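Comments concern the structure below.
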2 protein chains.
Amino acid sequence: MAVRLEKNPAVSKQALRRMPAYLLYLEALNPTTVVSISATTIANELGLNEVQVRKDLAAASLSGGRPRTGFKVKELIRDIKSYLGYDDVYNAVIIGTGKLGQALLSYQGFAEYGLDIVAAFDTNPELIGQQFNRKPVYPPEKMPEICRSLKIQIGIITVPAEYAQDACDHLTESGIQAIWNFAPVLLTAPPEIIVQNENMAISLAILSQHLSVKLKKQH
Amino acid sequence: MAVRLEKNPAVSKQALRRMPAYLLYLEALNPTTVVSISATTIANELGLNEVQVRKDLAAASLSGGRPRTGFKVKELIRDIKSYLGYDDVYNAVIIGTGKLGQALLSYQGFAEYGLDIVAAFDTNPELIGQQFNRKPVYPPEKMPEICRSLKIQIGIITVPAEYAQDACDHLTESGIQAIWNFAPVLLTAPPEIIVQNENMAISLAILSQHLSVKLKKQH
DNA sequence: TAGATTGTTAATCGATTAACAATC
DNA sequence: TAGATTGTTAATCGATTAACAATC
């Protein structure tokens, strides 16, 4: 996982957010019937501005598109993946094997994003020693040892809100570099630790805003 | 759930994304010891620009802040919640009671966001008739009837990617207004249906970008 | 009062969109 | 060639930040 910041100076955060959508769209195409695709088509299908899509694709694509024919789908998929850093693999552990933790452990799709979840931790003695998707559950005491020996870079927090800060502290002491936090809590971590929050409240607020506007119109 | 678009003309999308973080921060404060708080303090704690926080709070707060003392924490929490539309309640159903679906069904916190998940649907005969967090699982055939009689506005899709479009079509035919999609798929829905994607690939791409920059620095 | 903090107006910055030349 | 599409340069738009007056 390594985003090509060097090449194109204009790697906007916004563009980064749109890339996964391009990828989903391109991967849903039938590769035998659709060999090439234009930025225009993608823009229309996704409801985006044509020039915006063209700039985004130009930033990600190594060989660029061709006038008249557009971009080669296969190449473009490969380039966007590389642009998003899905080629390099990071090792991760999950803290908290409740239902959400189990769901993430069992999800096969992370491999494609360069995320390799190798183990989990939980305090529940009934879960310790079990495996989910062939990934073992360890007691929290083993965190420092396992994170260091398996060279874990990312800790994924899926414990209930009240234990999230503890989990964060434990992970920090275990030498990880980044935290992906699914608990609805603002974590306090040393500045060198990267914290990315998966905040469902944001999605929900945006959805609810659109919905309220829509329902008002119906009256 | 109804965002106050009318009052303040400058309801930026970006501000909407920051609001949930303010809320988490404010709710973590001890209400007996911290009665008032300044935008300056919040900005420092969250690593944001002071003026930005002040503008955001001005947009959400009804009574505004006071020079010297700042905002009353309790009032501010209430105002931001109302601003985000957490006061109005929307009814939702979950399609797909795998681990992710079960996790969402069991999560108690959605009530605070104005989301009331009242039922679930699954094709698995072993799950049909069961309850999770007192919410019953029905077979998909019952979707139109139940969604209409319970006045469901939101459908939450937590089925595997390959069934997500089917689930979307079913929900649309059942008269729902909005879809919250957790499957890594671009859904095709009629334009009047609001689709909000919970795309973990975006979070992961952002995290991986930061991480790659960080790891490069260490060399 | 003095000064911390608010809220607003103006300046800057970044992202989007429009216009257009280059190219296969 | 003609024309669809790319990629770039310039204009616009929106969001952030800076400067400052108002206020408790």
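Quick note on labels: first sequence line is chain A, next is B, and so on, each numbered from 1. What you are looking at is a predicted structure, and each value in this text was computed from that prediction instead of being measured.
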Are S61(B) and E75(B) close enough that a side-chain donor and a side-chain acceptor fall under 3.5 Å? no
Just do the ring-ring contact (aromatic ring centres under 6.0 Å, His included) check on F110(B) and Y107(B) with the steps written out, would you? CA-CA 7 Å; F110(B) 284 132; Y107(B) 180 53; 4.9 Å; yes
Between [N] ([atom2]) and [X] ([atom1]): distance, integer Å:
X	N	atom1	atom2	result
I42(A)	dT6(D)	CD1	C1'	13 Å
L48(A)	dA15(C)	CG	P	16 Å
E50(B)	dT8(C)	CD	P	16 Å
L16(B)	dG14(D)	CG	C1'	16 Å
R17(B)	dA15(D)	CZ	P	13 Å
F71(A)	dT6(D)	CZ	C1'	7 Å
K13(A)	dC13(C)	NZ	P	17 Å
Q14(B)	dC13(D)	CD	P	18 Å

For [X] and [Y], indicate whether the former's side chain and the latter's backbone hold a donor-acceptor pair under 3.5 Å.
X	Y	result
D116(B)	Y90(B)	no
N181(B)	N197(B)	no
T41(A)	I37(A)	no
S203(A)	E198(B)	no
T158(A)	G96(A)	yes

Given protein heavy atoms under 4.0 Å, the one-letter contact record of nucleotides 19-24 of chain D, with B base, S sugar-phosphate only and - none, is simply ----BB
Are there more than 12 heavy atoms of other residues, nucleotides or ligands under 6.0 Å from atom CZ of R66(A)? no
NZ/K135(A): more than 12 non-hydrogen atoms of other groups inside 6.0 Å: yes
OP1 or OP2 of [N] less than 4.0 angstrom from a side-chain nitrogen or oxygen of [X], does that happen here?
X	N	value
T69(A)	dT6(D)	no
Q52(B)	dT16(D)	yes
S36(B)	dT5(C)	no

Donor/acceptor link under 3.5 angstrom from K55(B) side chain onto base of dT6(C): no
Stems in DNA chain D: runs of 3 or more consecutive Watson-Crick or G-U pairs, distances under 3.5 Å? C:3-24 with D:3-24
Looking across every strand, which nucleic acid part, if any, lies under 4.0 Å from R18(A) by heavy atom: base, sugar-phosphate, or nothing? sugar-phosphate
Reading DNA chain C from 5' onward, which residue's closest nucleotide shows up sooner: T40(B) or D56(A)? T40(B)
